[in-house]
Amino acid sequence: MRVNRRQFMEGAAAFGLAAGMGRVAEGATPTAFSDWREGLLDIHHISTGRGESTFVICPDGTTMLIDAGDMSDGRPDETVLPRLPNASRTPGEWIAAYVERFSRPLNHKTPRLDYVTLTHFHSDHIGCRQNEVREKNGCALSGITEVAEHVAIGTLVDRAYPDYAFPTREAVAASNPKFFKDYLAFVEHQRTKRGTVMEAFDVGSRKQFALKRAPDRFPSFIVRNIAANGKVGEKTVFTHEQRPDENMCCSVVTLSYGAFTYYTGGDCSGSPARRDVETPIGEAVGRVNAMSLNHHGCDDGTNAAILAALRPQIMVIPVWDMWHPQTNAFTRMTDKTIYPDDRMIFATGLHEKAKARLGEAAALIRPQGHVVIRVSEGGARFRVFVLDPGDFSVVDATDELHASKK
């Protein structure tokens, strides 16, 4: 179903009416989720059931969206989660509604994102051409192209702009064959008609995602570009001649605020059977407080080396498939011989077949929903909230945790 701007805004408003009503799961800390205010860092892992998307509000109100996926392209229903919170909107529309709802404290006249960064070109991270094609401005509307219909984008960064030639143009196109031409048309339209600044991901930069509103007030907040396209910092891990797959080329960032550090790396792989990108990434990043799991917790990611290096207190699994997480990866995540620290595991969803496969160990994953990491002013403390996918009521919340770089 297509919705116009008025219908979208009405739906977005209804989507957030019950935010903070405080329906809390048994054993959780009763609390309401309050709106962002200046000085806080909020990292929202959005639960749509069909892909990965993370919305960030930086301490000064600068906003960033990392990925906007949509896997609604014919996968058998029994293998994927249902659309969340329901099927009345597409995943892209739900992401846009989520951004609109949680951007309200920023007092924008219309919803907008200062930055969008796309880790790679798979459909669960940028969108897909579906059976029921909805087109506008020369491209199918799905994932990020759908989000942009409702939310303005200031700067869009992807790993391969402008020539999309790493490792080759053909390989990039083949990674999302039905949608790649749509994405190129979208990029051109955003650049020429919407005024969006297009940039290639700059490995090693600490300035590409700079605060836009009050950078001098929050000097300890830094987005650090760790890796992409076979490079980790100045180190070359692989070249285009080695024919890396799309996951190996993912862009990787950390967000640091005082003592707090968060890691996200799309679908980076760490399997010896493929090119191991995770081990050098772990060496470059070091200790973090929280991480989004590489490749949704699949077995070819989250290897022992990166876990031992990052030692996260909080792990978030972006879930849309019955295989998220896979058993071997989950065993590593919970293995205290890899690193002894306490850790908590969250997920944006959990398929019934995944629960059955994990057995009793599935109970180690906290209640599912939108997973929001809120970092206090200055970055010394943080909490994790899980919000109901439909009404944003709090279904789980941690006690206050202390950030540490030790």
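At a cut-off of 3.5 Å, with distance as the only test, a side-chain donor of Tyr263 or Asn294 sits close to an acceptor on the other residue. If you check the side chains of Ser269 and Asp300, you find no donor sitting under 3.5 Å from an acceptor. Gln208 and Asn225 form a side-chain donor-acceptor contact under 3.5 Å, judged by distance and modelled atom types alone. Inspection of the Gln130 and Ser142 side chains reveals an N or O donor paired with an N or O acceptor under 3.5 Å. Counted by atom type alone, Thr261 and Ser256 present one or more donor-acceptor pairs between their side chains at under 3.5 Å. In this model, a donor atom of one side chain and an acceptor atom of the other lie less than 3.5 Å apart for Thr279 and Asp276. With hydrogens and angles left out, the side-chain atoms of Asn229 and His240 include no donor and acceptor closer than 3.5 Å.
Residues forming a ring-ring contact (aromatic ring centres under 6.0 Å, His included) with Tyr115 (at least two apart in sequence, or on another chain): Phe209. For His189, there are no ring-ring contact (aromatic ring centres under 6.0 Å, His included) partners, not counting sequence neighbours. A search for side-chain hydrogen bond (donor to acceptor under 3.5 Å, both in side chains) contacts involving Asp114 returns Thr63, Arg213, not counting sequence neighbours. Under the side-chain hydrogen bond (donor to acceptor under 3.5 Å, both in side chains) criterion, Glu135 pairs with Arg129, not counting sequence neighbours. With sequence neighbours excluded, no residue forms a side-chain hydrogen bond (donor to acceptor under 3.5 Å, both in side chains) with Arg206. Checked against side-chain hydrogen bond (donor to acceptor under 3.5 Å, both in side chains), His45 has the following partners two or more places apart in sequence or in another chain: Tyr262. In this view, Pro105 and Asp35, Trp36 satisfy the side-chain contact (heavy atoms from CB on, under 4.5 Å) rule, not counting sequence neighbours. The ring-ring contact (aromatic ring centres under 6.0 Å, His included) search around Phe382 returns Phe260, not counting sequence neighbours. Not counting sequence neighbours, the partners of His125 by the ring-ring contact (aromatic ring centres under 6.0 Å, His included) test are His120, His296.
Ring pair His44/Phe55 is tilted by interplanar angle, where 30° to 60° counts as tilted. Using a 30° and 60° split on the angle between ring planes, His370 and Phe392 fall in the tilted class, from 30° to 60°.
A salt bridge links Arg287 with Asp341: at least one charged nitrogen is closer than 4.0 Å to a carboxylate oxygen. Between Glu146 and Arg134, at least one side-chain nitrogen of the basic residue sits less than 4.0 Å from a carboxylate oxygen of the acidic one, meeting the salt-bridge criterion.
Residue pairs meeting the side-chain hydrogen bond (donor to acceptor under 3.5 Å, both in side chains) criterion with at least one partner in residues 168-177, sequence neighbours excluded, are absent. Screening residues 214-243 for salt bridge (charged side-chain N to carboxylate O under 4.0 Å, His left out) gives Glu38-Arg217 as the qualifying pairs, with residues at least two apart or on separate chains. Pairs of residues two or more places apart, or lying in two chains, that qualify as salt bridge (charged side-chain N to carboxylate O under 4.0 Å, His left out) and include a residue from residues 315-326 are Arg75-Asp321.
Taking the centre of each ring, Phe201 and Tyr161 stay at or above the 6.0 Å mark.
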